[in-house]
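First comes the structure, then the notes that go with it.
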Amino acid sequence: MFHKILIANRGEIALRVLRAAKELGIRTVVVHSTADVDAMHVRLADESVCIGPPPSRDSYLNIHQIVAACEITGADAVHPGYGFLSENARFADILAAHKITFIGPSGDHIRIMGDKIEAKRTARRLGIPVVPGSDGAVTEDREAARIAAEIGFPVIIKASAGGGGRGMKVARSAEDLPIALATARSEAGAAFGDDAVYIEKFLEKPRHIEVQIVGDGAGKAVHLGERDCSLQRRHQKVWEEANSPALNTDERARIGGICAQAIADLGYSGAGTIEFLYENGEFYFIEMNTRLQVEHPVTEAITGIDLVHEQIRVASGGGLSVRQDEIKFSGHAIECRINAEDPRTFTPSPGTITHFHTPGGLGIRVDSGAYSGYRIPPYYDSLIGKLIVHGRNRVECMMRLRRALDEFVVDGVKTTLPLFRDLVGNPDIANGDYDIHWLEKYLAETA
Ligand code: ADP
């Protein structure tokens, strides 16, 4: 087991990882920027190292400073959290070269999944169902027209280097196609420095369903069921559930089994998420995230398995703590992402939290580094906490969520809490009847 873990992140996820390490009796080091001196994870860590000024590229993305902090403190492993360097293959390679363990997959696995075309090819080879489309990048308009005609309109043009929903364009007919291709290529070139694009069938009303997996790096892997993250705004998840209200037990076992087998065959090490669009009973792979995700607590709530413990165990060579047949799904869980943002326009609202009171009671978990008097710095993303509610079934979970949202107080800054109070009373949400476009439509209609 590791002696000391350095946490290369901030906010609620740094605290989350710190808690898991403490439970395992491992000492913790956090690195932080000058803007995060007063952060909760800095106060609770055994040691802290200030690695630079507020901008992320000078601190949380500064690989040299982080490696130096490991050497100064004698940390033998790094947990990257999510975002920042968590899917940076070079970072994983550099740590390996310094004999420091990256708590995550190998640099090579991160690289494969970081390239969307390569990821899709790999998924197909491993028996994971993918969206029909081009086999690789399309450079010629004529070739694009042939492929689009073959899979049928509408189609979506996506950037190979894509991320954050950028560089995507929908073409509804052959006439639309040349313009969609040209705009997608130029957006991709501008955003990612790589204008390679590929074509997929555009699904009209899919749900976003993702499968949580953990592999031991030696040919064993398990799945921990799925999460439904269809409630999104600008491709950003807002509300997540486990299990998905749309799947039955057979579908869950089938897609989970396919993913676990694929991950075992890949020899993948650590936690990861295989993301799908789901429509008319079919799953279509869109991408794999080779890290822990923001919404992982809903999976923990219904399985009782601590995913960060699993990540640490696997990375230290201790293997998985559970077999597939020991993983049981119990009840239902929902997560609401509490952002310091205007609940309607989603404009960030940094500032000082004058009063912070979290709900409690059975089935409630709040992951947050915020406290009364905490000043939210303007430099980073606006997530200030996550409310995760568990119930024996979806109805009980929703009742408890409504009560918890009423109890939650955050004064001094705007938050997305009022949006969740609206959503929890909405009949479509109550029925679990929504697709990936539902929230945008709802926001437009109620504006
Ligand atoms: P990114 O990495 O940029 O987030 P993804 O491939 O994960 O890109 O897609 C992001 C979102 O775009 C999906 O959650 C979905 O809302 C939409 N999307 C992607 N591919 C398709 C498709 N083939 N049909 C319909 N919507 C899609």
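Order of appearance sets the numbers: ligands from 1, and atoms from 1 within every ligand.
In terms of protein heavy-atom proximity, atom 13 (C) of ligand 1 is nearest to I286 CD1, 3.9 Å. Among all non-hydrogen protein atoms, the one lying nearest atom 24 (N) of ligand 1 is L203 N, 2.9 Å. Atom 22 (C) of ligand 1 has its closest protein heavy atom at L277 CD1, 3.6 Å. With respect to atom 4 (O) of ligand 1, the closest heavy atom belonging to the protein is G165 N, 3.4 Å. Ranking protein heavy atoms by distance to atom 7 (O) of ligand 1, first place goes to E287 OE2, 3.0 Å.
In the vicinity of I156, heavy-atom distances shorter than 4.0 Å reach the ligand 1 atoms 22 (C), 23 (N). In the vicinity of I436, heavy-atom distances shorter than 4.0 Å reach the ligand 1 atoms 15 (C), 16 (O). Atoms of ligand 1 found under 4.0 Å from any heavy atom of K201 (numbered from 1 in listed order, with element): 22 (C), 23 (N), 24 (N). Close approach of ligand 1 to H208 (heavy-atom distance below 4.0 Å) involves ligand atoms 14 (O). The M168 neighbourhood of ligand 1 comprises atoms 3 (O), 8 (O), 9 (O), 10 (C), 12 (O), with distances under 4.0 Å to a heavy atom of that residue.
The pair K441-E445 fails the salt-bridge criterion, with no side-chain N (NZ, NE, NH1 or NH2) lying under 4.0 Å from an Asp/Glu carboxylate O. We find that R227 and E335 are not joined by a salt bridge, their nearest charged nitrogen and carboxylate oxygen being 4.0 Å or further apart. Between R254 and E226, no side-chain nitrogen of the basic residue sits less than 4.0 Å from a carboxylate oxygen of the acidic one, so the salt-bridge criterion is not met. Between K158 and E287, none of the side-chain N atoms (NZ, or NE/NH1/NH2) sits under 4.0 Å from a carboxylate O, so this pair counts as no salt bridge. Between R337 and E295 a salt bridge is recorded (basic side-chain N to carboxylate O distance below 4.0 Å). No salt bridge links E251 with R207; every basic N to acidic carboxylate O contact stays at or beyond 4.0 Å. Salt bridge present: D108 and R111 bring a charged side-chain N and a carboxylate O closer than 4.0 Å.
Between F420 and F408, the distance from one ring center to the other does not fall under 6.0 angstrom.
Residue contacts with ligand 1: V131 is placed with no nitrogen or oxygen under 3.5 Å of a nitrogen or oxygen of the ligand (distance criterion only).
Comparing K116, Q232, K120 by heavy-atom distance to atom 2 (O) of ligand 1, the nearest is K116. Comparing F202, F276, F285 by heavy-atom distance to atom 25 (C) of ligand 1, the nearest is F202. Nearest residue to atom 19 (C) of ligand 1 from K158, H235, E200 is K158 (criterion: closest heavy atom).
Sparse packing is recorded around CD1 of I179, with 12 or fewer heavy atoms of other residues, nucleotides or ligands lying under 6.0 Å away.
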